[in-house]
Amino acid sequence: MLWGTSFIAGRRVRCGYQGWLEDTPISANGEIQCLASDIRGNYIVIYHGEKEYTTIAHLKKESILVKIGDHVSQRQQIACCGNSGNTSEPHIHFQLQQGKSFLFSASLPICFDEIKETSTGAGIHYLTRGQRVTNIKRVN
């Protein structure tokens with residue numbers, strides 16, 4: 001998982017599970033058996049400054065590469081995509097919020113660098129529901 005957005009550069013990791021939660025089991029018939037004690041599963045919270053935090057959730061077991069107090073930078077790998085917590089398939093839940101609490105903090109708009117809308121090719125910074133986007137330049 002690589003983060004290519006500039007706003008996380010030089011920010012501090014505040015809290016997060018150490019990655020011990022298993023992925024959500026899916027039975028042979030496709031039934032999801034979510035028994036997670038925390039809907040986020042394995043997660044990281046990054047502190048950006050006064051009233052600005054990022055939660056990154058559903059991370060793979062034992063893949064978290066940062067610890068509390070670490071500084072993170074642009075394009076630094078911090079964990080791997082997983083299926084932990086309340087989820088039916090591997091993905092990343094990425095949320096910018098006003099406070100530390102995942103459940104009780106208001107969400108904030110996210111400004112992205114170097115993305116474009118797939119259908120028009122237009123460079124954009126903010127997403128709306130249903131948009132498909134791609135990187136303007138490839139991240140190695």
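To the nearest 0.5 Å, atoms CD (Glu50) and CD (Gln98) are separated by 11.0 Å. Atom-to-atom distance recorded for Ile44:CD1 and Asp70:CG is 9.5 Å, nearest 0.5 angstrom. To the nearest 0.5 angstrom, Ile64 atom CD1 is 5.5 Å from Leu59 atom CG. Atom CG in Leu96 sits 10.5 Å away from atom CD1 in Ile46 (nearest 0.5 Å). Here the CD-CG distance, from Glu117 to Leu127, works out to 9.5 Å after rounding to the nearest 0.5 Å. Annotation: the span from Ile115 atom CD1 to Ile136 atom CD1 amounts to 7.5 Å, rounded to 0.5 Å.
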Problem - Derivation and outcome, side-chain contact (heavy atoms from CB on, under 4.5 Å), residues Leu65 and Ile78 - result: CA-CA 5 Å; Leu65 301 173; Ile78 57 177; 5.6 Å; no
Practice task
Test Gln95 against Ser107 for side-chain contact (heavy atoms from CB on, under 4.5 Å), laying out the working first.
Solution key: CA-CA 7 Å; Gln95 177 173 309; Ser107 293; 4.1 Å; yes
Practice task
Go through Asp113 and His125 one step at a time and tell me if the side-chain contact (heavy atoms from CB on, under 4.5 Å) criterion holds.
Solution key: CA-CA 6 Å; Asp113 288 337; His125 293 287; 4.2 Å; yes
Problem - Criterion side-chain contact (heavy atoms from CB on, under 4.5 Å) on His58 and Ile92, from CA distance to verdict - result: CA-CA 6 Å; His58 307 307; Ile92 297 294; 5.9 Å; no
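What you find for Val66 and Gln76 is that their closest heavy atoms are CG1-NE2, 3.6 Å. Between Gln131 and Ile124 the shortest heavy-atom distance is NE2-CD1, 3.8 Å. The two atoms that bring Cys81 and Lys60 nearest to each other are O-CB, 3.5 Å, heavy atoms only.
Using a distance-only test at 3.5 Å, with no hydrogens or angles considered, no donor-acceptor pair links the side chain of Glu52 to the main chain of Gly49. Judged by distance alone, with hydrogens and angles left aside, the side-chain atoms of His48 form no donor-acceptor pair with the main-chain N or O of Tyr53 at under 3.5 Å.
With Thr55 as reference, Gln97 is the one residue of Gln97, Arg40, His93 to meet the side-chain hydrogen bond (donor to acceptor under 3.5 Å, both in side chains) rule.
Note on Phe112: it does not cluster hydrophobically with Tyr126, by side-chain heavy-atom contacts below 4.5 Å among ILVMFWY residues.
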